[in-house]
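Let me begin by presenting the structure, written as structure tokens, before commenting on it.
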There are 2 protein chains.
Amino acid sequence: MLATLAEAGFSDTRARRAVVDALCEADSGASPADLLARGRSRHSRLGQVTVYRTLGILERLGLARKLHQEDGCSLYAASTRGHGHHVICRTCRRVAEFEGCSIEKVLSSVTARTGYTVEGHWLELVGLCPACRGKR
Amino acid sequence: MLATLAEAGFSDTRARRAVVDALCEADSGASPADLLARGRSRHSRLGQVTVYRTLGILERLGLARKLHQEDGCSLYAASTRGHGHHVICRTCRRVAEFEGCSIEKVLSSVTARTGYTVEGHWLELVGLCPACRGKR
DNA sequence: TTACTTGCAAAAACTTTGCAGGCGC
DNA sequence: GCGCCTGCAAAGTTTTTGCAAGTAA
């Protein structure tokens, strides 16, 4: 992830590393505030603004993805570069990434029914992770 | 839509009607601010707060759906009650609703690969509507 | 009448911007 | 050393809350 940042021409700074590490260590969706808190354990002078700015960069590079949810959409999760989707646990917010969403069939039927040319899609699953399912 | 509100125990007020009508007449995603503006042409004393409150009710009843987008997620669209998804035009924001997203196969493969129990999903398509495609 | 609604004003929450100083390269 | 980065403070936005007055039933 840091390597990709470097390739893209961004310098390797302490603040960015703190944000990136905080995001990667989290196996659940993290809000900018969460990331600030976690990042500060690595770099105490880290500011919220830098978290936002770094997230912006990561998002543009496809390294982080914003998770959208019923009750707001300001959680972020690390993401393998490129296309992919996330499943998020409705209880603990832990996320898992997956690829291959065979929705080609849906696309053609939507095109036929609505006349739209579909260029992109956003898919997100919600459920219970193995750990939370066990707890019940 | 108003009938459904009544059945759910909400009274039929001028303000709510203004918001509902504004949302229904819009064939594109509308922000709370858009709805306030449009709603005021019907009920000039309408306040922004009521727009938010009404949208909250409609959302809970499944009559309105929040559209999530790259650059923020505060657009709403009227929605047929129950399960469904939207395609939104990336140019004019016009939306169309569709049902039948055959993602059952995806679900089982995700369950197998991640161990999550998937309970719900959220899918949104982006593209060009017939009108915007023609304009180019 | 009685409880539900509304809208104003204010507060709160969340993001972005301006800018002087700091740090990576 | 030069130019990209950072963080503080402040400004902007968006959404929520408190409350007295208004309205549906």
Side-chain angles (χ1 to χ4, degrees), chain A residues 1-23 29-61 63-64 66-76, chain B residues 1-23 29-61 63-76 93:
Chain A
M1 194 134 150
L2 288 166
T4 313
L5 276 177
E7 283 163 29
F10 294 97
S11 26
D12 176 22
T13 68
R14 198 149 177 235
R16 278 185 191 143
R17 239 171 303 147
V19 177
V20 167
D21 290 350
L23 183 66
S31 67
D34 291 338
L35 293 172
L36 175 64
R38 290 188 201 172
R40 278 193 163 155
S41 65
R42 293 181 164 76
H43 175 47
S44 58
R45 298 177 40 69
L46 181 65
Q48 183 73 75
V49 184
T50 301
V51 174
Y52 278 107
R53 289 193 277 228
T54 305
L55 282 174
I57 293 172
L58 295 176
E59 225 183 330
R60 257 174 281 141
L61 295 179
L63 298 172
K66 189 183 251 177
L67 303 178
H68 298 249
Q69 305 187 97
E70 298 291 319
D71 61 327
C73 32
S74 45
L75 292 189
Y76 288 82
Chain B
M1 193 134 149
L2 288 166
T4 312
L5 276 178
E7 284 163 29
F10 294 97
S11 22
D12 177 22
T13 68
R14 201 153 174 230
R16 279 186 190 142
R17 239 172 302 148
V19 176
V20 167
D21 290 350
L23 182 67
S31 67
D34 290 339
L35 294 173
L36 174 65
R38 291 189 201 171
R40 279 193 163 155
S41 66
R42 293 183 165 74
H43 176 47
S44 57
R45 300 178 36 69
L46 181 64
Q48 183 72 78
V49 184
T50 300
V51 174
Y52 278 106
R53 289 193 275 227
T54 305
L55 282 173
I57 293 172
L58 295 176
E59 227 182 327
R60 256 174 282 140
L61 295 179
L63 298 172
R65 180 148 39 236
K66 190 183 251 176
L67 302 178
H68 299 248
Q69 304 188 99
E70 297 292 318
D71 60 327
C73 31
S74 46
L75 293 189
Y76 289 80
R93 294 191 157 168

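Naming convention: chains lettered A, B, ... in sequence-line order (proteins, then strands); numbering from 1 in each chain.
Taking CG from L55(A) and CD from E59(A), the interatomic distance works out to 7.5 Å, rounded to the nearest 0.5 Å. Taken to the nearest 0.5 Å, the CG atom of D21(B) stands 12.0 Å off from the NE2 atom of H43(B). Here the straight-line distance linking atom CD of Q69(A) with atom SG of C73(B) works out to 10.0 Å at 0.5 Å rounding.
The CZ atom of F10(A) sits 7 Å away from the P atom of dC5(D) (whole-angstrom rounding). D34(B) has its CG atom 15 Å from the P atom of dT13(D), to the nearest Å. dC5(D) atom P lies 13 Å from atom CG of L58(A), rounded to whole Å. Here dC8(D) presents its C1' atom at 13 Å from CG of L36(A), a figure rounded to the nearest Å. Taking atom CD1 of I57(A) as the reference point, atom C1' of dC5(D) lies 9 Å away to the nearest angstrom. Atoms CZ (R45(B)) and C1' (dA21(D)) sit 10 Å apart, rounded to a whole Å. Between the C1' atom of dA9(D) and the CD atom of Q48(A) lies a distance of 14 Å, rounded to the nearest Å. When the P atom of dC25(C) is taken as reference, atom CG of L5(A) falls 11 Å away, rounded to whole Å.
Not one side-chain nitrogen or oxygen of S74(B) sits closer than 4.0 Å to the OP1 or OP2 atom of dT14(D). T50(A) has no side-chain polar atom (N or O) that falls below the 4.0 Å cut-off from OP1 or OP2 of dC5(D). Residue Y52(A) places at least one side-chain N or O under 4.0 Å from the OP1 or OP2 atom of dT15(C). Contact check, H43(A) against dT6(D): no side-chain N or O comes under 4.0 Å of OP1 or OP2. In terms of phosphate contacts, R16(A) brings a side-chain nitrogen or oxygen within less than 4.0 Å of OP1 or OP2 of dC5(D).
Nearest-nucleotide mapping onto DNA chain D: of V49(A) and D12(B), the residue sitting toward the 5' end is V49(A).
A donor-acceptor contact under 3.5 Å links the side chain of R53(A) to the base of dG7(D).
Of the candidate nucleotides dG24(C), dA25(D), dG7(C), dG24(C) has the atom lying nearest to any side-chain atom of S11(A). Among the nucleotides dG7(D), dG7(C), dC5(D), the one closest to any side-chain atom of A15(B) is dG7(C). Nearest to the side-chain atoms of T13(B) among the listed nucleotides dC25(C), dT6(C), dT6(D) stands dT6(C).
Side-chain contact check for I57(A) versus L63(A): every heavy-atom pair is 4.5 Å or farther apart. Contact of the L23(A) side chain with the M1(A) side chain is registered, since non-hydrogen atoms from C-beta on lie closer than 4.5 Å.
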